[in-house]
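Reviewing the structure listed below.
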Amino acid sequence: MRFEAASARVIVDFTNGACFMFPARALEGLQDATAQQLAEVELLGETGLHWESLDVDYTISGLMNGIFGSRIFMEAQRKGGQSRSPAKAAASRANGAKGGRPRKIP
């Protein structure tokens, strides 16, 4: 396992020749880490990843299942573009008053 600074990804190499890679800063607790801190990743047991200086641990199986943080962190990552600001709500109401989106003409 290693951190590749050029792509900012952690790469886990398996004994069968397969590998799994992920963007290190996509994980909760690693977003603001330096490249040097990310490179300090260690194998924890046989199936875990550990960053001692950051006090961050993840299981390889969890990462492979797309678990990159707590439930709250993961939900916040999915809500991109779904702003509920007063300005967006007002624009939506104004658009609806005009009949909504124009229909596509085939």
Side-chain angles (χ1 to χ4, degrees):
M1 144 205 45
R2 65 191 184 280
F3 173 70
E4 185 178 81
S7 66
R9 293 176 188 226
V10 173
I11 302 170
V12 179
D13 295 303
F14 297 102
T15 57
N16 67 0
C19 71
F20 171 66
M21 68 177 96
F22 57 91
R25 290 190 178 89
L27 275 62
E28 183 175 17
L30 301 182
Q31 306 95 313
D32 299 321
T34 65
Q36 182 177 349
Q37 288 173 312
L38 294 172
E40 295 170 357
V41 61
E42 302 173 319
L43 188 61
L44 184 64
E46 292 183 13
T47 61
L49 300 179
H50 175 68
W51 287 265
E52 180 72 31
S53 65
L54 301 169
D55 192 28
V56 173
D57 300 305
Y58 284 91
T59 64
I60 295 169
S61 63
L63 293 169
M64 291 179 79
N65 283 311
I67 301 171
F68 283 24
S70 66
R71 181 181 57 81
I72 293 170
F73 176 81
M74 297 295 294
E75 286 176 2
Q77 302 307 305
R78 279 180 256 187
K79 290 189 178 185
Q82 296 181 3
S83 173
R84 304 219 189 299
S85 70
K88 189 168 183 179
S92 180
R93 279 193 299 277
N95 189 38
K98 294 187 285 185
R101 292 184 181 189
R103 294 182 185 264
K104 289 185 179 181
I105 301 171

Test item: V10 and L38 side chains (from C-beta on) under 4.5 Å apart, heavy atoms: no
Gap separating the CD1 atom of I72 from the CD atom of E28, nearest 0.5 angstrom: 8.5 Å
Gap between atom SG of C19 and atom CZ of R9 - 0.5 Å precision: 10.5 Å
Within one Ile-Leu-Val-Met-Phe-Trp-Tyr cluster: L63 and F73, side-chain cutoff 4.5 Å: yes
Minimal non-hydrogen separation, F3 against A39, with atom names: CB-CA, 3.7 Å
Neighbour count >12 (heavy atoms, 6.0 Å) for atom CG, D55: no
Check: Q37 side chain, T34 main-chain N or O, donor-acceptor pair, under 3.5 Å: yes
Matching residue for V41 among L49, V56, V12 - test: side-chain contact (heavy atoms from CB on, under 4.5 Å): L49
For R25, all residues meeting salt bridge (charged side-chain N to carboxylate O under 4.0 Å, His left out), sequence neighbours excluded: none
Pairwise side-chain contact, T59 with I67, heavy-atom cut-off 4.5 Å (strictly under): no
Path from F22 to L44 over hydrophobic side-chain contacts below 4.5 Å: no
Interatomic distance, E40 atom CD to E52 atom CD [nearest 0.5 angstrom]: 9.0 Å
side-chain hydrogen bond (donor to acceptor under 3.5 Å, both in side chains) partners for S61, two or more places apart: none
Donor-acceptor under 3.5 Å (Q31 side chain, G29 main chain): yes
ILVMFWY network linking Y58 to M21, side-chain heavy atoms under 4.5 angstrom: no
Gap separating the CD1 atom of I60 from the CZ atom of F20, nearest 0.5 angstrom: 8.5 Å
W51 (side chain) donor-acceptor with D57 (main chain) under 3.5 angstrom: no
Same cluster (ILVMFWY, side-chain, under 4.5 Å), I11 and M64: no
